[in-house]
Amino acid sequence: MAIAFNGSCEIYYESFGDPADPTLLLVNGLGSQCINYHEDWCALFVARGLRVVRFDNRDVGLSSKVDVAYTISDMAADALAVLDAIGVERAHVMGLSMGGMIAQAMAIEHPERLLSMTSAMSRTGETGYGESTPEALALLTAPPAVDRESYTAGSIAGLSVWGSPEHADENRWRHTAERAFDRCFHPAGTARQYRAVVGSPPRGERLREVTTPSLVIHGDCDTLIDISGGRRTAELIPGARFEVIEGLGHDYPPQLWDRWVDLVCSFVVSDSQSASS
């Protein structure tokens with residue numbers, strides 16, 4: 001089992017592709033395990049010439065369960081520990097939702113470690129941008145599941161509200177939820193991650209200082225984090241590129257993987273060419 005260490009915190013990670021290729025580090029959202037970046041999705045990035053590394057944030061999956069308060073910056077340090085463990089000095093980093101917040105913190109606090117930063121379906125932490133609809137917020141903050149059945153039902157209920165409407169697939173949602181539950185069920189960790197999100201200071205002003213080439217992606221059907229969160233992120237980061245994925249909610253259905261991979265890989269390639277010219 002591949003483990004990185006940030007002090008006493010153990011971070012589980014997996015790698016796909018050729019270590020000689022540029023690394024794309026994938027950072028997960030709230031309560032999400034690394035398997036949410038499905039192996040077939042990772043393979044699409046590998047086919048485009050990237051080494052892909054996915055990992056479990058602290059408090060989920062096979063990483064340490066941390067019974068103390070922490071911040072988004074602490075989770076950014078966990079991501080750096082993964083880069084240290086694989087011997088990569090600088091990487092492309094893509095984060096989804098809370099993972100986008102972690103990626104933003106990496107670009108703010110550790111720019112020397114990033115080749116590029118992609119913040120997807122995320123926000124800056126500022127009030128008034130990227131807010132949830134009342135229905136989505138109610139489901140997000142509902143009492144935690146207690147067993148496999150309630151966990152699966154809760155996941156399906158949430159995705160029915162914030163998932164991509166044209167690609168709704170209850171069978172896929174059920175399979176994904178059951179796979180995640182069977183790998184690790186730890187609702188207390190998700191609650192601590194949520195407190196890290198709401199307890200960390202807004203990144204708005206500091207994003208104005210970011211020098212890392214940045215891509216911001218958001219779906220136009222996102223009810224959990226409104227698209228204004230992505231627009232605001234791109235407005236604040238100097239030179240950031242903003243891309244909308246039409247029909248995307250707050251999930252990543254396989255039908256939209258090709259579009260997503262094209263956006264990220266074209267950005268990474270153009271950035272690499274600019275850096276070498």
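Along the sequence shown, residues are numbered consecutively beginning with 1.
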message: As a quick check of understanding, evaluate side-chain contact (heavy atoms from CB on, under 4.5 Å) for Tyr12 and Cys34, giving each step before the final call.
response: CA-CA 9 Å; Tyr12 172 85; Cys34 68; 4.2 Å; yes
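- In the hydrophobic clustering of this structure, Val53 does not group with Val46; members are Ile, Leu, Val, Met, Phe, Trp, Tyr whose side-chain heavy atoms approach within less than 4.5 Å, directly or through other members.
- In this structure, Val27 is a member of the same hydrophobic cluster as Met75, with clusters built from ILVMFWY side-chain heavy atoms closer than 4.5 Å.
- The cluster map of Ile, Leu, Val, Met, Phe, Trp and Tyr, joined by side-chain heavy atoms under 4.5 Å apart, puts Leu263 and Val216 in different clusters.
- Contact detail for Val66 and Asp59: the closest heavy-atom pair is N-OD1, 2.9 Å.
- Rounded to the nearest 0.5 Å, atoms CG (Leu24) and OG1 (Thr118) are 7.5 Å apart.
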query: How far apart are the C-alpha atoms of Arg206 and Val210, what are their side-chain angles, what is the distance that settles it, and do they pass the side-chain contact (heavy atoms from CB on, under 4.5 Å) test?
result: CA-CA 7 Å; Arg206 296 206 63 190; Val210 168; over 6 Å; no
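- Applying the side-chain hydrogen bond (donor to acceptor under 3.5 Å, both in side chains) test to Asp222 and every residue at least two apart in sequence or in another chain returns His218, His250.
- For the pair Arg58 and Tyr70, the distance from NZ or CZ to the six-membered ring centre is under 6.0 Å and the angle to the ring normal is within 45 degrees.
- Closest of all the heavy-atom pairs between Arg259 and Glu243 is NH2-OE1, 4.2 Å.
- At a cut-off of 3.5 Å, with distance as the only test, no side-chain donor of Asn28 or Asn57 sits close to an acceptor on the other residue.
- Between Leu26 and Phe55 there is no side-chain heavy-atom pair separated by less than 4.5 Å.
- Using a 4.5 Å cut-off on side-chain heavy atoms (C-beta onward), Val93 and Ser116 make no contact.
- With hydrogens and angles ignored, the 3.5 Å screen pairs no side-chain donor or acceptor of Glu166 with any backbone N or O of Gly247.
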message: With side-chain contact (heavy atoms from CB on, under 4.5 Å) as the criterion, how do Thr176 and Arg172 come out once you've worked through the C-alpha distance, each side chain's angles and the decisive distance to 0.1 Å?
response: CA-CA 6 Å; Thr176 299; Arg172 172 168 51 82; 4.2 Å; yes
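- Under the 4.5 Å side-chain heavy-atom criterion for Ile, Leu, Val, Met, Phe, Trp and Tyr, Met94 and Phe242 are members of distinct hydrophobic clusters.
- A distance-only check finds no donor-acceptor pair linking the side chain of Ser200 to the backbone of Val197 [under 3.5 Å].
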task: Before giving the answer on side-chain contact (heavy atoms from CB on, under 4.5 Å), spell out for Arg241 and Leu215 the whole-Å C-alpha distance, their side-chain angles and the decisive distance to 0.1 Å.
output: CA-CA 5 Å; Arg241 181 188 301 178; Leu215 171 66; 3.9 Å; yes
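- Side-chain atoms of Ser214 come within 3.5 Å of backbone atoms of Thr212 as a donor-acceptor pair (strictly under, hydrogens ignored).
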task: Just do the side chain to side chain donor-acceptor pair (under 3.5 Å) check on Glu39 and Tyr37 with the steps written out, would you?
output: CA-CA 6 Å; Glu39 294 82 3; Tyr37 289 108; over 6 Å; no
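- Atom-to-atom distance recorded for Asp251:CG and Ser32:OG is 11.0 Å, nearest 0.5 angstrom.
- Listed by first and then second residue, the salt bridge (Lys or Arg N to Asp or Glu O under 4.0 Å) pairs that reach into residues 135-150 are Arg148-Glu178, Arg148-Asp182, sequence neighbours excluded.
- Of all heavy-atom pairs between Met117 and Ala107, the closest is CG-CB, 4.2 Å.
- Minimum interatomic distance between Lys65 and Cys184 (heavy atoms only, all atoms of both residues): CE-SG, 3.8 Å.
- Note: Ile11 CD1 to Tyr13 OH = 11.5 Å, rounded to the nearest 0.5 Å.
- Leu256 is listed as a side-chain neighbour of His167, based on a closest heavy-atom distance under 4.5 Å.
- A cation-pi arrangement is absent between Arg123 and Tyr129 under the rule of less than 6.0 angstrom and at most 45 degrees off the ring axis.
- Taking 4.0 Å as the cut-off between side-chain N and carboxylate O, Glu170 and Arg174 count as a salt-bridged pair.
- Counting only distance, with no hydrogens or angles, the side chain of Ser119 and the backbone of Ser122 share no donor-acceptor pair below 3.5 Å.
- A heavy-atom distance below 4.5 Å is found between the side chains of Pro213 and Phe267.
- Here Leu207 contributes atom CG and Leu236 contributes atom CG; the two are 6.0 Å apart, rounded to the nearest 0.5 Å.
- Applying the side-chain hydrogen bond (donor to acceptor under 3.5 Å, both in side chains) test between Ser73 and each of Glu109, His110, Arg203 identifies Glu109 as the sole match.
- Ser63 and Glu10 form no side-chain donor-acceptor contact under 3.5 Å, judged by distance and modelled atom types alone.
- Minimum heavy-atom separation, Ser64 to Ser8: OG-O, 4.0 Å.
- The aromatic rings of Tyr252 and Trp260 sit perpendicular to each other, their planes meeting at more than 60°, with 30° as the lower class boundary.
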- prompt: For Gln104 and Thr124, what are the C-alpha separation, side-chain angles and deciding distance, and is it a side chain to side chain donor-acceptor pair (under 3.5 Å)?
  reply: CA-CA 8 Å; Gln104 293 170 30; Thr124 65; over 6 Å; no
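- Counting non-hydrogen atoms of other residues, nucleotides and ligands closer than 6.0 Å to CD of Glu209 gives a total above 12.
- With contacts defined as side-chain heavy-atom distances shorter than 4.5 Å, the pair Val261/Cys265 qualifies.
- Taking CZ from Arg208 and CD1 from Ile108, the interatomic distance works out to 12.0 Å, rounded to the nearest 0.5 Å.
- Nearest heavy-atom pair, Gly229 versus Thr233, reported as atom, atom and distance to 0.1 Å: O-OG1, 2.8 Å.
- With hydrogens and angles disregarded, a donor-acceptor distance shorter than 3.5 Å links the side chain of Ser132 to the backbone of Leu224.
- The salt bridge (Lys or Arg N to Asp or Glu O under 4.0 Å) analysis of residues 81-95, with sequence neighbours excluded, yields the pairs Asp84-Arg113.
- Considering only heavy atoms from C-beta on, Ile35 comes within 4.5 Å of Arg54 through its side chain.
- Looking only at side-chain heavy atoms (C-beta outward), Val264 and Ile217 come within less than 4.5 Å of each other.
- If you take CG on Asp226 and OG1 on Thr133, they are separated by 9.0 Å, rounding to the nearest 0.5 Å.
- Note on Val268 and Ile86: separate hydrophobic clusters, where clusters join Ile, Leu, Val, Met, Phe, Trp and Tyr whose side-chain heavy atoms are under 4.5 Å apart, directly or indirectly.
- For the pair Ser164/Cys221, no side-chain contact is recorded, criterion being any heavy-atom separation below 4.5 Å from C-beta on.
- Taking a cutoff of 4.0 Å between a charged side-chain nitrogen and a carboxylate oxygen, Arg51 and Asp18 do not qualify as a salt bridge.
- Side-chain atoms of His186 and Arg192 form a donor-acceptor pair, as typed in the model, at a separation below 3.5 Å.
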